[in-house]
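Read through the structure below, which is laid out as structure tokens, and then see the notes.
Here the structure is a predicted model, which is why all the values come from computation and not from measurement.
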Amino acid sequence: MVTGEFSYDNGFGDIQRERVCLYWLSGIPNKTEAEGGANGFVPCEDLSVRLTNVLRARKESEVEKR
């Protein structure tokens with residue numbers, strides 16, 4: 001999990017600030033995002049949906065192997 005604040009000057013002397021919250025989520029290797037793969041950072045607010053999809057895809061993948 002990465003949290004913090006990202007700030008930058010917009011070129012007009014205004015400092016822009018944005019909160020950052022990301023999770024690194026490991027998906028199934030060699031699978032597309034729809035299949036539960038596509039490792040990468042996920043915004044904190046999207047984690048529950050993405051995690052549910054990854055777990056469902058992993059479960060389906062295990063069933064297919066049997």
Glu45: what forms a salt bridge (Lys or Arg N to Asp or Glu O under 4.0 Å) with it, not counting sequence neighbours? none
Sequence neighbours excluded, which residues qualify as side-chain hydrogen bond (donor to acceptor under 3.5 Å, both in side chains) partners of Gln16? none
Working for side-chain contact (heavy atoms from CB on, under 4.5 Å), residues Leu51 and Leu25: CA-CA 8 Å; Leu51 188 56; Leu25 187 60; 3.8 Å; yes
Phe41: which other cluster members, linking ILVMFWY side chains closer than 4.5 Å, directly or transitively? Val2, Phe6, Tyr8, Val20, Leu22, Trp24
For Thr3, give me all partners under side chain to side chain contact (heavy atoms under 4.5 Å, CB included), at least two apart in sequence or on another chain. Met1, Cys21
Report yes if the side chains of Arg17 and Ile15 come closer than 4.5 Å at any heavy-atom pair, otherwise no. yes
Going by salt bridge (Lys or Arg N to Asp or Glu O under 4.0 Å), name the residues that satisfy it together with Arg19, two or more places apart in sequence or in a different chain. none
